[in-house]
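Structure, as structure tokens:
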Amino acid sequence: MITITEQLSERLNTALVKIGKENLPSNFKGTVSAAADTRFGDYQTNAAMILAKKFGISPRDLALEIIKEIDVSDISNDPEIAGPGFINFKIHESTILLRIREILSSDRVGVEKTLRPEKILIDFSSPNIAKPMHIGHIRSTIIGDCLQRVANFLGHDVISDNHIGDWGTPIGQVIYGWKHELNETAFNEDPIKELLRLYQLIKEQFESDPKVKNACLDETVKLQSGNNESIKLWNQFKEITLSEAQKIYDRLAIKFDLTLGESFYHDQLGPLVDELLSTGIAEISDDAVCIFSKNELEPKNDPLLVNRDSQWTPVPCMIRKKDGGFNYATTDIATIDYRINELGAERILYVVDDRQSLHFRQLFEVSRQRKINTNLEHVSFGKILGTDRKPFKTREGSVPDLSSVLDEAIQRAKSVVDEKSVNLNEEEKKEVSEKIGLGAVKYFELSQSRVSDYIFSWDKMLSLQGNTAPYMINAYVRTRSIFRKIDETADTDLENFEITDDSERAIGIKLCQYAEIIPEVMNDYRPNLLATYLYELAQSFHSFYEQCPVLSTEGKTRNTRLALCESTSRVLKHGLELLGIYPPDKM
Ligand code: ARG
């Protein structure tokens, strides 16, 4: 069933075409959306205000013409004009009931699949070898997973690819470190920690000591030319890193279709650079191979140019270094070819932090030069900050690793559960704390606007009030507890109901809007739209539940209210699961 916004928008456009004639711009599409202020109606459009000038009349006069022409009698009451020319629609109760029935009867909870399914490749998480995942990876991992869930649910063909950094100089540094600085006891105790220590130690020496630098570069060359011992070490490091990362993915219930990693493309890099040289896209500059601006874009939109002292100066994309080594960009270009030609991707999303935005803008410009017209999008995000507004650190001043953040979240959730959930046994408390703790970390991330930085706060994350996982989970648990209290002998018929009360109506409308929100998440890759919707739904549910007794009523009233509780329960659970959160039934 198409959504109410789609239905009303369609009717609006039909009316506009009738009254518009030559005044209506041919590409104009009027939209009706959920009203922010529901005192005047449930849905609203400002089309009259946008078009009035073109029509040469006042917005109110145009609004009058629209409401005379528009035919919505099967969906809503007669539309009304408000303010300078808004048109408001109050939906029929029967329209709401129809949709509630659908939420109750289908496992798609009333949400249609997309009419334009695509093969979408999502590149996310992508940690680097020999380093544990740290809190900086949290955003990519959680946002990327949510997008994969939503895109799948909408019927897209999704391929998730964990593009791990498993090739290049850092690996040479760790191999060198392993040969010269390894502490075996430490390695046996905590391999990934020791690998990180080696990497950090050698990275410093690499910068300050040319001898170490050369030795590391030699190790990199040895690895890349297939030396047996190097390959063996590299495989060992890779296994350690991936099995560590896998533990985190398992805890977070995150799955990847592919983990190809940078090394997978290694053999293609040489031929790729030759091809780019022979087609004239790349050129040799200072013994390196670079791709320059082709001056086909406005300079301010051209990522291969930068304005220095009022001069547009080249910032080329380097694809082969002087020493013959390849760059991060070279691998990414080869990766695009593979994803399009071998995997058939029609859209590629890179869920990577905004510090890499120049890299991706250049990559997309190179692809434009190569006449690739697959949709490439950098789904970028900001930093996680501490309360001092500097990048988040542990009390000891180091970058916190993701698995200890998860441990701490669960432990903190446990204290809340121990205090509040007196009716649960130890086993249940443990399970509930885990769900709340992991849910809290995910929800805190997904309820933020992706593009901005945010401040990491345990108190906010685990608060039972406000837009938080515990609040959302509590709302869901409340819906479940109603059904646990239900008297089996009373006659419950969720098919037979009617809406009579304003609070019933308010939550009913909100429930209809689930189907409208889900596709919007994919428009600009914003999971926070879903989180905000679920929060508003939980709030409507709380006020509905306060104003409308459920179990003490009878007959149709009781059926209606139970149907609304059950629909809320279904939508909350479904929505939370799209965010990757699995709410318990009790808490
Ligand atoms: N491994 C990279 C890092 O940690 C992220 C890779 C992102 N994906 C890509 N195709 N470049 O910074």
Side-chain angles (χ1 to χ4, degrees), residues 133 135 137-139 141-143 145-146 149 247-255 384 387 392 394 400-448 454-484 527-528 530-539 541-542 545 565 568-587:
M133 271 211 258
I135 186 149
H137 288 108
I138 236 179
R139 301 203 72 176
T141 307
I142 295 176
I143 297 171
D145 179 51
C146 173
R149 289 167 189 262
K247 283 186 207 156
I248 292 181
Y249 299 139
D250 289 344
R251 291 177 82 177
L252 295 175
I254 293 179
K255 291 199 178 74
I384 302 183
T387 34
F392 185 64
T394 60
D401 75 281
L402 188 43
S403 91
S404 49
V405 170
L406 299 181
D407 290 341
E408 186 164 351
I410 293 171
Q411 187 202 325
R412 284 175 183 257
K414 180 83 180 5
S415 332
V416 180
V417 169
D418 280 341
E419 190 194 327
K420 305 260 176 197
S421 310
V422 280
N423 294 327
L424 300 184
N425 65 34
E426 252 331 286
E427 185 75 3
E428 289 169 328
K429 280 185 188 164
K430 198 170 154 256
E431 197 194 314
V432 168
S433 314
E434 210 149 288
K435 289 187 159 156
I436 295 181
L438 298 177
V441 174
K442 287 190 178 184
Y443 195 85
F444 197 63
E445 171 58 55
L446 296 170
S447 57
Q448 314 282 338
Y454 69 82
I455 295 177
F456 190 91
S457 155
W458 286 118
D459 291 341
K460 273 202 192 137
M461 194 183 286
L462 287 158
S463 165
L464 280 158
Q465 294 309 322
N467 191 8
T468 65
Y471 177 84
M472 301 303 308
I473 293 176
N474 190 29
Y476 174 71
V477 166
R478 233 168 147 177
T479 61
R480 291 327 310 150
S481 80
I482 296 166
F483 290 90
R484 275 196 299 277
N528 66 321
L530 174 55
T532 305
Y533 166 81
L534 293 173
Y535 178 49
E536 289 170 2
L537 176 65
Q539 282 178 316
F541 178 71
H542 281 305
Y545 198 63
C565 290
T568 306
S569 192
R570 279 174 159 248
V571 170
L572 281 177
K573 181 164 201 231
H574 193 270
L576 286 171
E577 287 186 4
L578 285 181
L579 298 177
I581 297 168
Y582 299 87
D585 283 352
K586 291 194 239 172
M587 85 190 238

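Atoms CG and CG, on L530 and L576 in that order, are 8.0 Å from each other to the nearest 0.5 Å. To the nearest 0.5 Å, atom CG of residue D418 and atom NZ of residue K430 are 13.0 Å apart. Here the CZ-CD1 distance, from R251 to I410, works out to 4.5 Å after rounding to the nearest 0.5 Å. Atom-to-atom distance recorded for I581:CD1 and K573:NZ is 13.5 Å, nearest 0.5 angstrom. The OH atom of Y249 sits 9.0 Å away from atom CG of L402, with the distance rounded to the nearest 0.5 Å. The OH atom of Y476 sits 4.5 Å away from the CG atom of D585 when rounded to the nearest 0.5 Å.
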Practice problem: Would you sort out whether E445 and I143 count as a side chain to side chain contact (heavy atoms under 4.5 Å, CB included), showing the intermediate values? | Solution: CA-CA 8 Å; E445 171 58 55; I143 297 171; 3.5 Å; yes

Quiz item: Between V416 and I436, does a side chain to side chain contact (heavy atoms under 4.5 Å, CB included) hold up when you go through it step by step?
Solution: CA-CA 10 Å; V416 180; I436 295 181; over 6 Å; no

Practice problem: In sequence, state the C-alpha distance, the side-chain angles, and the governing distance for Y471 and Q539, and then conclude on side chain to side chain contact (heavy atoms under 4.5 Å, CB included). | Solution: CA-CA 9 Å; Y471 177 84; Q539 282 178 316; 3.4 Å; yes

Quiz prompt | H137 vs I248, side chain to side chain contact (heavy atoms under 4.5 Å, CB included): CA-CA, chis, key distance, verdict | solution = CA-CA 11 Å; H137 288 108; I248 292 181; over 6 Å; no

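Scanning all heavy atoms of the two residues, the minimum distance from L446 to L579 falls at CD1-O, 3.3 Å. Between S569 and R480 the shortest heavy-atom distance is OG-NH1, 2.7 Å. Residues A531 and Y443 come closest through the heavy atom pair O-OH, 3.1 Å. Scanning both residues, A413 and S433, for their nearest heavy atoms gives CB-O, 3.5 Å. A409 approaches L462 most closely through the heavy-atom pair O-CD1, 4.3 Å. Residue W458 comes nearest to V405 through the heavy atom pair CH2-O, 3.3 Å, listed as atom of the first residue, atom of the second, then distance.
Below 30°, between 30° and 60°, or above 60°: for F541 and Y545 the angle between ring planes is below 30°, a parallel geometry. F444 and Y454 have perpendicular rings, their planes meeting at more than 60° on a 0 to 90° scale where under 30° would count as parallel.
Put simply, the side chain of K442 gets close to the backbone of L252: a donor and an acceptor are under 3.5 Å apart. Distance alone, capped at 3.5 Å, is enough to place a donor-acceptor pair between the R149 side chain and the E577 backbone. Side chain of R484 to backbone of K586: no donor-acceptor contact under 3.5 angstrom is found. One N or O on the side chain of S457 and one on the backbone of K460 form a donor-acceptor pair closer than 3.5 Å. Between the side chain of K435 and the main chain of P584, no donor-acceptor pair closer than 3.5 Å is present. In terms of modelled atom types and a separation under 3.5 Å, the side chain of N425 and the main chain of E428 share a donor-acceptor contact. With hydrogens and angles ignored, the 3.5 Å screen pairs a side-chain donor or acceptor of T532 with a backbone N or O of N528.
The number of heavy-atom neighbours closer than 6.0 Å to NZ of K414, taken from other residues, nucleotides and ligands shown, is above 12.
A 4.5 Å side-chain heavy-atom check between V432 and I473 finds every atom pair outside the cut-off. Using a 4.5 Å heavy-atom cutoff, the side chains of V417 and M587 are not in contact.
Using modelled atom types, one finds a donor on one side chain and an acceptor on the other under 3.5 Å when comparing D401 with S403.
Note on E408 versus R412: salt bridge recorded, some NZ/NE/NH1/NH2 to OD/OE distance being below 4.0 Å.
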